[in-house]
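What follows is a short report on a single structure.
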Amino acid sequence: MTAIASPPASTASRPRGAIRDFAAQQPLGALSFVIILLMTVAGIFSEWVSPHDPLRIDFAAILQPPSWEHWAGTDAYGRDIFSRIIHGARTALVISLTSSFFGATLGAILGIASAYFGGRIDDWIQRFMDILLAFPIIVLALVVVAALKTAVIFGIDINLIVAIAIPIVPRVCRVVRAAALSIRVMPYIDAARAAGYSDSRIIFRHMAPNVAAPYLIMFTAFMAQAILLEASLSFLGLGVTEPTPAWGLMLSGNAADFYREAPWLILFPGLAISLAVFAFNLFGDSLRDYLDPRFKV
Amino acid sequence: MGGGAPLLAVEDLHVQFDTSRGVVHAVDGISYTVNRGETVAIVGESGCGKSVSSLAIMGLLAKPAGRVTRGRVLFEGRDLLTLSAEEMRAIRGRDIAMIFQEPMTSLNPVLSIGEQIMEPLFIHLKMTKDAAQARALELLQLVGITDGARRLQQYPHQLSGGMRQRVMIAIGLACNPKLIIADEPTTALDVTIQAQILELMKDLSRRLNIAMIIITHNLGVVARYADRVNVMYAAHIIERGTADDVFLRPLHPYTIGLMRSVPRLDLPRDVKLETIEGLPPDLRAPPPGCRFAPRCPFRRDACVATEMTLRDLAPNHATACIRADEIVAGTLVPASLPAKSAATASTTETAEPILKVDALRKYFLVPLSGSGMLSSKMATVKAVDNVSFTIAPGETLGLVGESGCGKTTVGRTVLKLEEATGGTISFSGVDITHRSPREMRETRRGIQVIFQDPYSSLNPRMTVGQIIAEPLHVYQLAKTKKEQEERVAELLRQVGLFDYMAERYPHQLSGGQRQRVGIARALALEPRFIVCDEPVSALDVSIQGQIINLLEDLQSRLNLSYLFIAHDLAVVRHISDRVAVMYLGRIVEVADRDELYANPKHPYTQALLDAAPIPDPRVERARAPRTLKGEIPSPLNPPSGCVFHTRCPLADDACRREIPQTRQIGPRHIVACHKA
């Protein structure tokens with residue numbers, strides 16, 4: 001009988017070092033992570049961090065330029081824009097996080113199943129995804145919003161989330177299927193089949209963790225898309241409704257009438273949208289570079 | 001050997017790699033020389049620095065991570081390491097050519113063969129188009145490719161692996177180099193093709209007086225083709241000498257161990273393989289003194305205390321072992337090998353076979369190239385055609401053949417990973433050919449599998465413990481959490497690993513350890529039959545021996561039966577009771593192991609045995625040059641009649657017309673040949 005001598009030490013596990021590693025390798029990614037973190041804090045603790053009540057109308061102070069009192073000025077109803085942006089972060093995050101999560105997860109499951117079963121099932125799933133992909137994102141979301149009635153829970157329209165999630169599904173499905181196809185032919189999947197494990201076990205236990213990297217990347221990238229989509233739909237009047245503070249909504253309505261005299265009406269919400277989209281996109285990219293071993297020395 | 005100064009002299013070469021986990025001293029002070037027209041081999045296991053040292057000579061180290069920190073590389077008196085990038089480019093491809101391991105990826109797929117052969121001619125020799133064309137044709141002829149004019153127009157994917165390697169050699173030869181560095185030139189090739197390529201390289205080097213450095217882990221290749229041998233271990237050269245000296249009178253315990261851990265065709269097989277215990281050292285922090293000391297059976301305190309240097313013990317024969325004098329004197333002899341545990345094979349004749357495969361066929365439909373998206377013309381590949389065999393309890397059937405012969409498909413079909421096109425598979429007397437996955441579930445427990453590649457056969461996201469515990473969990477073989485942990489620990493110990501390794505992830509283990517985990521996973525279901533699909537071919541020689549011994553041990557303890565699929569005839573001979581030889585989807589010969597190796601009847605079996613290199617220079621030189629010509633035909637368009645007739649030296653009209661039926665020619669010897 002042979003035995004292998006090997007030191008029992010050096011089982012260095014990852015968690016703590018991983019964040020430091022990521023920051024060192026991807027400084028821009030770390031920056032975007034900080035922005036996302038600030039946004040999250042603003043979203044969660046809006047009541048505490050915002051200087052004013054975002055809903056309080058003050059006709060004595062309408063269309064005030066930025067000042068110490070109102071950092072980003074006030075709108076046509078005298079509401080504090082900075083506070084509305086902070087509260088808007090909550091709306092943006094909740095909607096984009098949930099819709100991106102549901103869209104990406106459903107897409108990932110369909111993608112893995114498609115790759116794992118192959119043949120007829122693969123064909124059907126993929127052709128259906130092709131149909132969804134044929135519509136531009138915004139058009140598809142518009143159709144879904146228009147077709148569904150509003151169902152508001154906690155001030156947020158569930159159907160808005162569904163509408164944003166659906167266009168995400170086929171896009172994630174495609175990418176995850178491609179990754180899963182390469183996992184499908186790995187001997188450890190054959191080993192699992194040879195041991196007689198059930199299909200669902202193989203899909204969730206053996207394949208899903210191995211496509212986690214592309215899934216996470218798509219998930220963060222579509223967070224940005226979802227924020228943009230939510231803002232667009234709100235701007236078009238199909239998303240969040242007044243008086244709930246939402247970035248897209250802040251750009252529409254009477255902001256369109258007054259922006260020449262009061263540019264801060266659209267400047268700051270626009271900046272918030274750009275910054276959030278930029279941060280999520282950048283974070284997704286850095287995450288991809290970090291998780292892909294081919295980019296490592 | 002040319003007099004005067006050597007063509008190439010490597011002096012005290014040091015190479016370092018900066019990695020995120022520390023500085024790796026990949027080559028640590030090696031020196032060797034190559035004379036004109038001479039073939040020098042550098043032998044060693046993976047990670048010993050043999051490839052890195054040759055890349056350093058060529059100035060091709062991966063920048064900026066790798067760099068030469070000390071040493072000189074004198075080529076015709078000029079130090080290559082001090083040359084500018086411009087000067088180095090003029091030498092590369094012109095005076096020194098390099099041939100890589102993987103002929104599939106080292107040719108550019110979008111350039112024709114002609115363009116790739118002519119490229120160095122244009123660049124280095126400033127030839128005109130016509131002159132280059134003529135030279136390219138001449139080169140193809142030189143490397144034994146017929147029909148050159150047509151071949152020059154073709155692209156790499158239209159050629160077979162052997163052909164591509166010939167093209168690589170032609171490119172290397174294009175500018176009449178003085179030195180060719182061949183990095184594992186035949187490792188990716190089949191054994192009959194490997195023999196052709198090596199024969200060609202040796203012949204060319206002799207005729208054109210080209211010096212060669214062959215980098216390889218295959219001792220058989222070295223024995224036949226090298227004049228001198230350098231053995232590397234953990235970034236050092238630990239022994240150097242002529243091929244005869246190193247093979248017949250090895251002076252370093254590592255070399256001795258290496259020689260004895262390879263299964264050999266020319267030696268009796270009734271003893272266990274010697275193994276070198278342990279693993280090579282970590283080159284970020286190599287052990288002090290002799291680097292082999294931690295694994296050496298002759299270790300002494302002095303080995304760790306003193307730095308080792310190569311010293312001559314005989315003319316042209318140097319070693320870095322301080323106890324080499326005792327080895328020369330014969331006072332230091334490795335412990336004799338234990339005999340194999342009791343033979344199980346002979347008792348199997350009457351027993352009910354555990355696996356019976358009858359007239360098994362597996363056809364694949366592949367889209368025919370050139371057919372459009374709408375017209376789906378399909379061609380049939382007969383991957384397995386009419387294959388029958390039985391395996392008795394406790395028996396090992398070796399299944400040998402070259403790549404693409406269908407041996408792996410046989411294994412996959414038996415495992416029901418592929419659905420059989422025809423024929424029957426019975427497991428312990430029950431027909432399982434058309435069982436649904438649900439009906440298979442219980443049978444699955446009895447049939448398990450061990451895969452070739454220990455890197456991809458374990459799920460990287462699961463710990464070793466989870467991997468081994470999963471089958472226990474799914475089949476509810478362990479009642480409690482504690483029972484499960486105990487069973488995992490027991491399985492780990494059974495395959496020679498330690499309990500604490502259950503916490504680790506596969507990437508934290510070495511290749512041999514991973515393969516052991518794969519074996520433990522297979523054993524978890526307490527199978528009676530295991531399909532071993534090339535279980536040792538991805539492992540280093542010294543590790544290979546450990547795994548083979550482990551498989552044999554487990555077989556005798558647990559009364560397992562194996563279907564052992566492999567391309568290495570020596571390994572198959574070592575472990576099998578009976579051997580089946582496959583060629584292009586058919587079994588051409590089946591016999592008891594000793595009978596088959598002593599008395600092969602089918603010309604293909606004879607050719608395979610003839611082509612397999614043996615790590616003994618005397619045996620190798622005495623053998624006739626290999627005779628099997630040609631390439632393996634495409635399975636899309638197999639030859640009529642006997643599939644082997646295109647390469648068979650005995651073939652006649654009958655062979656071209658009729659498919660030979662299997663015939664019983666001995667008590668347990670079956671062959672499918674008209675001429676046998």
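Labels below follow one simple rule: chain letters A, B, ... track the order of the sequence lines, proteins then strands, and each chain is numbered from 1.
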Atom CD of residue position B/Q476 - does it have more than 12 heavy atoms of other residues, nucleotides or ligands inside 6.0 Å? no
Is there a side-chain contact between A/R205 and B/N459 in this structure, where contact means two heavy atoms from C-beta onward sitting under 4.5 Å apart? no
Among A/P209, A/S198, A/A194, which has the most heavy-atom pairs under 4.5 Å with chain B? A/A194
Part of B/I450 within contact of chain A (heavy atom distance under 4.5 Å): neither
Given that the side chain runs from C-beta out, which part of B/L458 has a heavy atom under 4.5 Å from chain A: side chain, backbone, both or neither? backbone
Just wondering, are more than 12 heavy atoms of other shown residues or ligands nearer than 6.0 Å to OH in A/Y116? yes
Against chain A, label B/E442 side chain, backbone, both or neither, depending on which of its atoms sit under 4.5 Å from a heavy atom there. neither
Would you say the side chain of A/H206 lies within less than 4.5 Å of the side chain of B/M462, judging by non-hydrogen atoms? yes
Does A/R120 CZ have over 12 foreign heavy atoms under 6.0 Å away? no
Tell me, side chain or backbone of B/Y475 under 4.5 Å from chain A's heavy atoms, or both, or neither? side chain
Output the distance between atom CD1 (A/I189) and atom OG (B/S457), rounded to the nearest 0.5 Å. 11.5 Å
Could you report the tightest heavy-atom contact between A/G196 and B/R444, atom names first, then the distance? N-CD, 3.7 Å
Does A/F117 have more than 12 heavy atoms from other residues, nucleotides or ligands lying within 6.0 Å of its CZ? yes
Most contact-rich option vs chain A, by heavy-atom pairs under 4.5 angstrom, among B/R441, B/K416, B/R412, is B/R412
Go through the steps for B/H473 and A/R201 under the test side-chain contact (heavy atoms from CB on, under 4.5 Å), then give the verdict. CA-CA 12 Å; B/H473 173 75; A/R201 185 177 188 88; 3.7 Å; yes
For B/F364, I'd like to know if atom CZ has over 12 heavy atoms of other residues, nucleotides or ligands within 6.0 Å. yes
Most contacts with chain A, counted as non-hydrogen pairs under 4.5 angstrom, among B/Q448, B/R295, B/R445: B/Q448
Under 3.5 Å, is there a donor-acceptor pair between the side chain of A/Y188 and the main chain of B/Y455? no
